[in-house]
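For clarity, every value in this text was computed on a predicted model and none was experimentally measured. In what follows, chains are A, B, ... by sequence order, proteins preceding strands, each numbered from 1.
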There are 2 protein chains.
Amino acid sequence: MTGDISLDEFFKRLEARDDIGAAERDALRASIDSFGHFDSQTDLVKEGDRPKRSTLLLKGFAARYKIVGNGERQISAIHISGDFIDLHSFPLKEMDHSVLALTDCEVAFFPHSELEKLTANYPHLTRMLWLMTLLDSAIHREWITGLGRLSAEARHAHLMCELGVRLEAVGHGKKDNFYLPVTQSDLADALGVSSVHENRVIQSLRAKGLLAWHNGQVTLPDLKAIYALAEFDDRYLHLVKEPR
Amino acid sequence: MTGDISLDEFFKRLEARDDIGAAERDALRASIDSFGHFDSQTDLVKEGDRPKRSTLLLKGFAARYKIVGNGERQISAIHISGDFIDLHSFPLKEMDHSVLALTDCEVAFFPHSELEKLTANYPHLTRMLWLMTLLDSAIHREWITGLGRLSAEARHAHLMCELGVRLEAVGHGKKDNFYLPVTQSDLADALGVSSVHENRVIQSLRAKGLLAWHNGQVTLPDLKAIYALAEFDDRYLHLVKEPR
DNA sequence: CGTCAGATTGAGCAGCTTCAACGTATGTGG
DNA sequence: CCACATACGTTGAAGCTGCTCAATCTGACG
């Protein structure tokens with residue numbers, strides 16, 4: 001089962017922000033309790049859960065979401081390989097939202113008891129894990145800005161730009177060309193629009209020559225133009241390697 | 001200058017989630033470098049800054065915000081007494097947004113070098129500081145859900161409910177009655193609407209008997225009804241005292 | 001009394017929703 | 001291999017939410 005499984009993307013994500021020593025890598029690997037698989041469209045964790053472990057996404061796509069009163073869904077984050085999907089449940093204890101597998105997912109489980117040992121013995125590594133949750137927070141703020149002040153078209157464009165950069169940073173595809181096997185409905189729920197309108201937004205971007213999307217393969221033919229339309233600046237992703 | 005200044009609200013905010021020992025309190029107090037004041041409408045930190053210290057808000061209201069291309073502003077968080085406004089700049093290093101004083105503000109500064117010592121010597125306290133940033137994150141997610149899937153009226157109601165609970169938790173007013181000296185424009189920028197529409201939303205809530213607001217004093221005459229309209233459930237604020 | 005920030009009002013318009021239908025690809029059981 | 005089911009994508013038309021522009025009102029303050 002563990003044959004193919006690697007922490008490559010996770011280490012890349014960390015290394016993109018600061019050096020991680022061999023001892024720290026070993027400590028991280030030793031903190032893993034087990035590996036797991038989730039089928040597409042199943043929940044990895046549910047709102048109200050009190051997980052005793054945190055889940056690192058090794059392979060696949062997942063989304064944090066909440067359901068509102070009328071049954072509509074809002075996605076607050078899309079996670080890719082190398083992302084911890086619920087590291088925050090370690091200090092927070094109770095989940096205030098659910099996480100759904102958008103595709104089949106491979107994961108690694110880190111028991112909170114092991115994470116607690118890390119916080120006692122590896123201060124720098126603790127700050128790096130803290131940092132990982134702060135990156136989620138930075139992305140949340142960017143989404144809030146988009147939802148409040150940008151058009152649906154700009155928001156869609158922005159999400160494509162963001163995913164391109166994040167995927168490239170963990171070695172999956174390029175900024176302007178990557179695999180994104182999710183539905184228009186999923187994207188609509190992330191962007192806060194109806195699936196009908198999301199479809200029209202995509203058509204509009206296609207017509208402008210800013211987006212191609214076939215069989216889950218996204219291409220952004222004119223990066224400069226789509227960055228401008230989306231008002232995208234990747235600084236909020238903090239892809240700067242420095243002592244932390 | 002330090003005469004009136006106390007960390008009461010901050011300790012209340014922490015104690016609402018877990019016990020903080022005397023040694024931990026002392027360590028926190030000892031980590032303070034200096035105190036400061038900011039006039040209303042001035043920036044406490046600016047996007048792009050690389051602060052060498054983190055700022056704890058002791059008194060007043062502040063807002064994190066970004067400006068978009070057409071000059072519009074989106075507020076992504078409203079902070080009250082006892083909130084760290086840029087604790088995330090400790091691991092993140094660079095600010096990806098600015099923070100504005102909505103009123104006159106009193107603050108305490110924690111140099112990052114001191115925070116680093118805390119992470120080396122006080123693992124539990126470190127997790128509590130981490131927790132403080134994760135609460136911001138939880139609020140961000142709730143705002144995303146509102147911006148994406150609730151009406152402007154429900155969002156306004158939700159924000160009032162949230163601020164009531166948060167203010168009561170640090171000893172400022174009651175859930176249904178508190179002081180909020182900000183403008184309708186500020187709220188509009190937090191809720192992602194125009195100030196004209198925000199004014200109409202407020203009038204509608206007043207007409208329904210769900211909101212009174214004079215001279216900055218907010219009253220929610222029918223908590224149950226406004227919670228229902230806002231779909232407000234305070235679990236995302238994690239006001240549960242337990243070992244962390 | 002003039003000034004200014006903030007609040008309020010009206011009218012017309014744009015973005016997005018809703019409802020409903022239809023298209024298209026893939027898979028499945030008989 | 002066909003009949004059917006299912007999921008996803010696409011299209012049209014009507015309507016609502018919230019925006020823009022512009023004017024007016026109000027209270028605080030010098």
Side-chain angles (χ1 to χ4, degrees), chain A residues 39-42 61 63 68-74 100-104 146-158 180-208 211-218 229, chain B residues 39-42 61 63 68-75 100-104 146-159 180-208 211-218 229:
Chain A
D39 286 337
S40 179
Q41 307 309 314
T42 59
F61 291 83
V68 297
N70 64 3
E72 288 185 315
R73 177 177 71 160
Q74 178 65 39
L100 174 77
L102 294 176
T103 65
D104 283 5
L147 282 164
R149 293 294 181 221
L150 299 185
S151 68
E153 191 171 294
R155 293 207 296 283
H156 180 101
H158 195 284
L180 183 68
V182 304
T183 67
Q184 293 186 3
S185 251
D186 292 335
L187 293 179
D189 287 348
L191 299 171
V193 296
S194 67
S195 59
V196 170
H197 194 62
E198 170 61 6
N199 178 266
R200 288 175 173 133
V201 163
I202 290 170
Q203 288 179 54
S204 166
L205 288 170
R206 279 178 178 148
K208 289 176 180 168
L211 171 70
W213 187 18
H214 302 291
N215 300 321
Q217 194 69 31
V218 172
L229 173 68
Chain B
D39 286 338
S40 180
Q41 309 309 316
T42 60
F61 290 83
V68 296
N70 65 3
E72 288 185 317
R73 176 177 71 161
Q74 178 65 40
I75 289 176
L100 175 76
L102 295 176
T103 65
D104 282 6
L147 283 164
R149 293 297 181 218
L150 299 184
S151 68
E153 191 172 296
R155 293 207 296 281
H156 181 101
H158 196 284
L159 181 55
L180 183 68
V182 303
T183 66
Q184 294 186 2
S185 252
D186 292 335
L187 292 179
D189 286 348
L191 299 170
V193 297
S194 67
S195 59
V196 171
H197 193 62
E198 170 62 6
N199 178 265
R200 289 178 172 129
V201 162
I202 290 170
Q203 289 179 53
S204 165
L205 287 169
R206 279 176 178 148
K208 289 177 179 167
L211 171 72
W213 187 18
H214 302 292
N215 300 321
Q217 194 70 30
V218 173
L229 173 69

Calculate the interatomic distance between [X] atom [atom1] and [N] atom [atom2]; express it in whole Å.
X        : N      : atom1 : atom2 : value
B:His197 : C:dT8  : NE2   : P     : 15 Å
A:Gln184 : C:dT24 : CD    : C1'   : 13 Å
A:Gln203 : D:dT10 : CD    : C1'   : 6 Å

Fill in: Of A:Leu150 and A:Asn215, the one whose closest DNA chain C nucleotide lies more 5'
A:Leu150
In the structure I gave you, are the side-chain heavy atoms of [X] and [Y] within less than 4.5 Å of one another anywhere?
X        : Y        : value
B:Gln184 : B:Ser195 : no
B:Thr183 : B:Leu102 : no
B:Val193 : B:Arg155 : yes
B:Arg149 : A:Asp189 : yes

Which part of the nucleic acid, if any, lies within reach of [X] when heavy atoms closer than 4.0 Å are counted: base, sugar-phosphate only, or nothing?
X        : value
A:Ser151 : sugar-phosphate
B:Ser194 : base
A:Arg206 : sugar-phosphate
B:Arg149 : nothing

What's the closest nucleotide to the side chain of [X] if the choices are [options]?
X        : options                : answer
A:Val196 : D:dA22, D:dC19, D:dT11 : D:dT11
A:Asn199 : C:dG6, D:dT10, D:dG18  : D:dT10
B:Val193 : D:dC8, D:dG18, C:dG6   : D:dG18
B:Glu72  : D:dT20, C:dT18, C:dC16 : D:dT20

Worksheet item: Does A:Gln41 have a side-chain nitrogen or oxygen under 4.0 Å from the phosphate oxygens OP1 or OP2 of D:dA7?
Response: no
Worksheet item: Can you find an N or O donor on one side and an acceptor on the other, under 3.5 Å apart, linking the side chain of A:Arg200 with the base of D:dG12?
Response: yes
Practice prompt. Just do the side-chain contact (heavy atoms from CB on, under 4.5 Å) check on A:Asp186 and A:Arg73 with the steps written out, would you?
Written response: CA-CA 9 Å; A:Asp186 292 335; A:Arg73 177 177 71 160; 2.9 Å; yes
